[in-house]
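Reviewing the structure listed below.
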2 protein chains.
Amino acid sequence: MTLKAVYEHTNCDDCPIRHRAVCAHCEKDELEELETIKYYRSFEAGQTIIWSGDPMNFVGSVVSGIASLTQTMEDGRTQMVGLLLPSDFVGRPGRESAAYDVVATTDLVMCCFRKKPFEDMMGHTPHIAHRLLQMTLDELDAAREWMLVLGRKTAREKIASLLSIIARRDASIQPKGMSGPIVFDLPLTREAMADYLGLTLETVSRQISALKKDQIILLEGKRHVTIPDIGRLMEEAGDDTDGGYLN
Amino acid sequence: MTLKAVYEHTNCDDCPIRHRAVCAHCEKDELEELETIKYYRSFEAGQTIIWSGDPMNFVGSVVSGIASLTQTMEDGRTQMVGLLLPSDFVGRPGRESAAYDVVATTDLVMCCFRKKPFEDMMGHTPHIAHRLLQMTLDELDAAREWMLVLGRKTAREKIASLLSIIARRDASIQPKGMSGPIVFDLPLTREAMADYLGLTLETVSRQISALKKDQIILLEGKRHVTIPDIGRLMEEAGDDTDGGYLN
DNA sequence: CAGGTACTTTGACCGAGATCAAGTGGAAGC
DNA sequence: GCTTCCACTTGATCTCGGTCAAAGTACCTG
């Protein structure tokens, strides 16, 4: 019940972020053990938080901003394998080193816990272990959904998929009645979108222009997006399921 | 310790399969609670085990044969999102219905547990929950590795990636000294490979022929593969990391 | 305000892989 | 032995998205 306030509630009056993750951000926090091992870290846009292979002595969750998990081949080809939005969890209990580059895509604040104490606590707090399992399973579903996007969708469908995921995730913050246009700022550069979608930045730019021409989306400047009809966008994405995780 | 025999050992003298999963297959089993809720199911190649969206009242692990997790779009495009080899876990505690089609790619035997009792047991057996978390994290890593394959690799690299993963997984069953040629039978049709790699079956066929011509692999018939030099194959895959999960 | 930098757009061209279409080979059934 | 079927191979052609190149735009900084 109180524990719930720490790691399970999805909206909290005392803080602006959603806690899907294990994060003792808000003042209701009564789990003192968590409190003693947590700390905050800030990063600037573009900063690398961890390099793949580096030792990683903490776990944590995103408080504000966006981070990305990226894999790189020797020849420089890169693929983003995860997008971490506020409340998403970072790190892997039971693993010494990072498996991916973690990069701050925007300015970023993270709430961290030192790994060892966190793992200890997981050992005698089954609820947290259970919650972590659920979150990991959600991420697995998201990754697999993305495999369909990467493997089988056209460039246009890929863009539409990404936009509709961001739109829905964004809309869920202020679910003011499910209808009406959705407005948001793209938190990603064209290049980051390309890395996520397995495209080149030129193709991303072209397809966004095409969607704009067809009035599926409206663009103000380069980043400010209005989606007049989310249904039409999802049609473009080839998405019938109203699922759509983003990690 | 005894529990270990049930779900943690990776090789067991009494049975031919590896237990990476929670499976009470071997006779050493002393966890009677697990014993009482387990049962076996057999499937023929091509048979669908569960359809996406169907209620799913069990979890389990593959004993022998291969199953695949598949997603399908309305227009028929399909993407395989996971390949389940012996010892891999199927099903998701805490979810009512299946998220993907699960299909027996070859003849298949599964070891199943009814979901509710299994979940109950997880509640008071933290080791199993912990083990399940580790396995899920492994699967997540595998899925993300595959995102790089789907998003950024060429057809030839994709084929080489798949072959080297199967080869290494296969070789690990009989690690007779790490060197020498690796021999195995492809457990997948060209079409299944295409669905896994995000290609068409024609392209798969062409690239396999090309790898054969270049002596990276040897083919006897259509399925029997010999890999004279796994290092060369991994080079073709663009893979420097010697990682390589298959779920 | 000029100049620089980072991000984005647009155009022209090309090629990897998809698509369409035969054709091959081996195993099962009659 | 012959047909049928299925998995696979191979060829010809087309197309989507990549590549290379050039501009355009917004935001700094001096």
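First the proteins, then the strands, lettered A, B, ... as listed; each starts at 1. Note that the coordinates shown come from a computational prediction; the quantities given were computed from them, not determined experimentally. Both backbone and side-chain heavy atoms feed into the values below; hydrogens, waters and symmetry mates do not.
- Heavy atoms of B:G46 sit nowhere under 4.0 angstrom from any nucleic acid atom.
- In this structure, B:L186 places its CG atom 15 Å from P of D:dA7, rounding to the nearest Å.
- A straight line from NZ of A:K153 to C1' of D:dC16 spans 17 Å, rounded to a whole angstrom.
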Close N or O pairs between protein and nucleotides 10-13 of chain C (under 3.5 Å):
| residue | atom | partner | partner atom | Å |
| --- | --- | --- | --- | --- |
| C:dT10 | OP2 | A:S209 | OG | 2.8 |
| C:dG11 | N7 | A:R206 | NH1 | 2.9 |
| C:dG11 | O6 | A:R206 | NH2 | 3.2 |
| C:dA12 | N6 | A:R206 | NH2 | 3.4 |

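- Taking atom CD of B:E191 as the reference point, atom C1' of C:dA18 lies 15 Å away to the nearest angstrom.
- Using a 4.0 Å heavy-atom criterion, one finds that A:T189 contacts the sugar-phosphate atoms exclusively.
- Nearest nucleotide to the A:R190 side chain, out of D:dT9, C:dT9, D:dG17: C:dT9.
- Taking atom CD on B:E220 and atom P on C:dG25, their separation rounds to 17 Å, with Å as the unit.
- Summarising the geometry, atom OG belonging to A:S164 is positioned 5.5 Å from atom CD1 belonging to A:I230; distances are rounded to the nearest 0.5 Å.
- Regarding A:M193, its CE atom lies at a distance of 12 Å from the C1' atom of C:dT8, rounded to whole Å.
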Trace of the side chain to side chain contact (heavy atoms under 4.5 Å, CB included) decision for A:R41 with A:C112: CA-CA 7 Å; A:R41 294 179 68 186; A:C112 301; 3.9 Å; yes
Dump the pairs, protein N or O against N or O of nucleotides 24-28 of chain D, anything under 3.5 Å, distances to one decimal.
none

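- Distance CD1 (B:I208) to P (D:dT10): 11 Å, rounded to an integer number of Å.
- Taking atom CG of residue A:D75 and atom P of nucleotide D:dT19, one finds them 11 Å apart after rounding to whole Å.
- Listed by chain and number, the residues in a side-chain contact (heavy atoms from CB on, under 4.5 Å) with B:A210 are B:R156, B:Q207 (sequence neighbours excluded).
- The side-chain contact (heavy atoms from CB on, under 4.5 Å) test applied to B:N57 returns no partner, not counting sequence neighbours.
- For C:dC7, the OP1/OP2 oxygens have no side-chain nitrogen or oxygen of A:R223 closer than 4.0 Å.
- Here the straight-line distance linking atom OG1 of A:T136 with atom CG of B:L140 works out to 7.0 Å at 0.5 Å rounding.
- Nearer to the 5' terminus of DNA chain C, by closest-nucleotide assignment, is the contact made by A:L219 (compared with the other of B:R156 and A:L219).
- Listed by chain and residue number, nothing satisfies the salt bridge (Lys or Arg N to Asp or Glu O under 4.0 Å) test with B:K222 (two or more places apart in sequence, or in another chain).
- Classified by interplanar angle (parallel below 30°, tilted 30° to 60°, perpendicular above 60°), the ring pair B:W146/B:Y196 is parallel.
- In this structure, CG on A:D195 lies 11.5 Å from CG on A:L83, to the nearest 0.5 angstrom.
- Checked against side-chain contact (heavy atoms from CB on, under 4.5 Å), A:T105 has the following partners two or more places apart in sequence or in another chain: A:I66, A:S68, A:L188.
- If you take CG of B:L199 and P of D:dC16, they are 18 Å apart, rounded to a whole angstrom.
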